[in-house]
Amino acid sequence: MSSVSLLGLGNMGCALAIALLPSHEEVTVWNRTRGKARDLVAAGAVEANTIGDAVRASGTIVVCLLDHASIHEALDPVIEHLRGRTLLNVTTTSPAEARELDRWASAAGLEYLDGGILAVPSMIGSPRSEILYSGDSQAFIRLQPVLARWGRSTFVGTDAGLASLYDLALLAGMYVMHAGYMQGAALVATAGVSATDFADRAANWLTDMTGAFARFGRVIDSAEYALPGQQSLDFSDLSKLVEATAEAGVGNEPIAMVQRLIDAQRALGHGSDGLARIYESLAAPAHHAARRSPIRSADQHNA
Ligand code: NDP
């Protein structure tokens, strides 16, 4: 592993730095506010006095700051020292912000790799940790010894925004599922069932239900929403469930949101189509057009 400078020693930055240290290679760390590097220095890291020193110390610069704005705030003043280096950004940004950083890096003469971390700090370095990468594929290959220290690494494409896009897509699914569990917990609480007891039952049920994703995926990709054997939107009508939440006196936003999606497609005359049809209320117009044309980019094939 060649030398690495890591900028940003928040919870995640510290976890990434600690995972690199057993390599016995030089790891330089920097944080805007001093005093966060003590344990890392004791474990063998070198603390840079300034961000300029940190950038000059290594060929690979890992950035783990708060957000997109903080990256520019930190790096713009030292841009002349970045030329010829590799910038690996694992700060959470939107896809558009990641693409902007890619263009900015390219104009400044450095390689850019973007990372979307699918882990919390305590998971970094364990097999449960996965980081998705997009951008410069050569940098991804060359940095394998570094990336492997943090867990599984997966390259999702040369479009720098893709790691962030996957990250956001997975988080969207996670948050809606979590809200669904809480909807159920609020319902069973009216019968005196604790949220803890309901958690076990919900986890088993929802784990089994993820088996439907592959089938939904095939239907959506082929746009064959009327294929026989699917549960229709008319059958999936959740108005009784919505009524039941009102009777129980509990909030119903999660389930009402799903009902609105079902209603929207039924109102368009698709009540006999399968549940996957609600995807059509969510998909971007450009994607509808793309599906009418079978051409796909190399990136989409590789992803
Ligand atoms: P923290 O809030 O713990 O740390 C934020 C870091 O950003 C600090 O080092 C802070 O420095 C630095 N910072 C903020 N603004 C600036 C600035 N303008 N200039 C320079 N440095 C700045 O966040 P985390 O470490 O938890 O998260 C870091 C990134 O990792 C985020 O983008 C987050 O979304 C992402 N991430 C975090 C996960 C987690 O579970 N923690 C999971 C997945 C992704 P200072 O100490 O001086 O304030």
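Positions are given from 1, in the same order as the sequence printed here. If you're wondering where the values come from, they're calculated on a predicted model, not measured in any experiment. Both ligands and their constituent atoms are indexed starting at 1 by order of listing.
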Considering only the protein, which heavy-atom contact is closest to [atom], and what is its distance?
atom                    : value
atom 39 (C) of ligand 1 : Pro121 CD, 3.6 Å
atom 14 (C) of ligand 1 : Leu66 CB, 3.5 Å
atom 34 (O) of ligand 1 : Thr92 OG1, 2.6 Å
atom 16 (C) of ligand 1 : Arg32 NH1, 3.3 Å
atom 9 (O) of ligand 1  : Asn31 OD1, 2.7 Å
atom 46 (O) of ligand 1 : Lys36 NZ, 2.7 Å

For the 3.5 Å polar cut-off, considering only N or O atoms, please tell me whether [X] and ligand 1 meet it.
X      : value
Ala74  : no
Ile117 : no
Thr91  : no
Cys64  : no
Leu65  : yes

Test side-chain contact (heavy atoms from CB on, under 4.5 Å) applied to Tyr225 and Gln265, Arg277, His270, the passing residue: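 With Tyr225 as partner, side-chain contact (heavy atoms from CB on, under 4.5 Å) holds for just one option, Arg277.
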Please could you name the atoms of ligand 1 that Ala119 approaches to less than 4.0 Å, counting only its heavy atoms?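 What qualifies from ligand 1 is 42 (C), 43 (C).
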Going by a strict under-4.0 Å cutoff (protein heavy atoms only), does atom 3 (O) of ligand 1 have a neighbour on the protein?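 It does; a protein heavy atom is within 4.0 Å.
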Within reach of ligand 1, part of Met12 (heavy-atom separation under 4.0 Å):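 Both of them.
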For atom 47 (O) of ligand 1, the option (of Thr33, Asn11, Ile71) bearing the nearest heavy atom: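 Checking each option, the heavy atom nearest atom 47 (O) of ligand 1 is found in Thr33.
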Would you check if the side chain of Arg85 reaches a backbone N or O of Ser58 as a donor-acceptor pair within less than 3.5 Å?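 It does hold such a pair.
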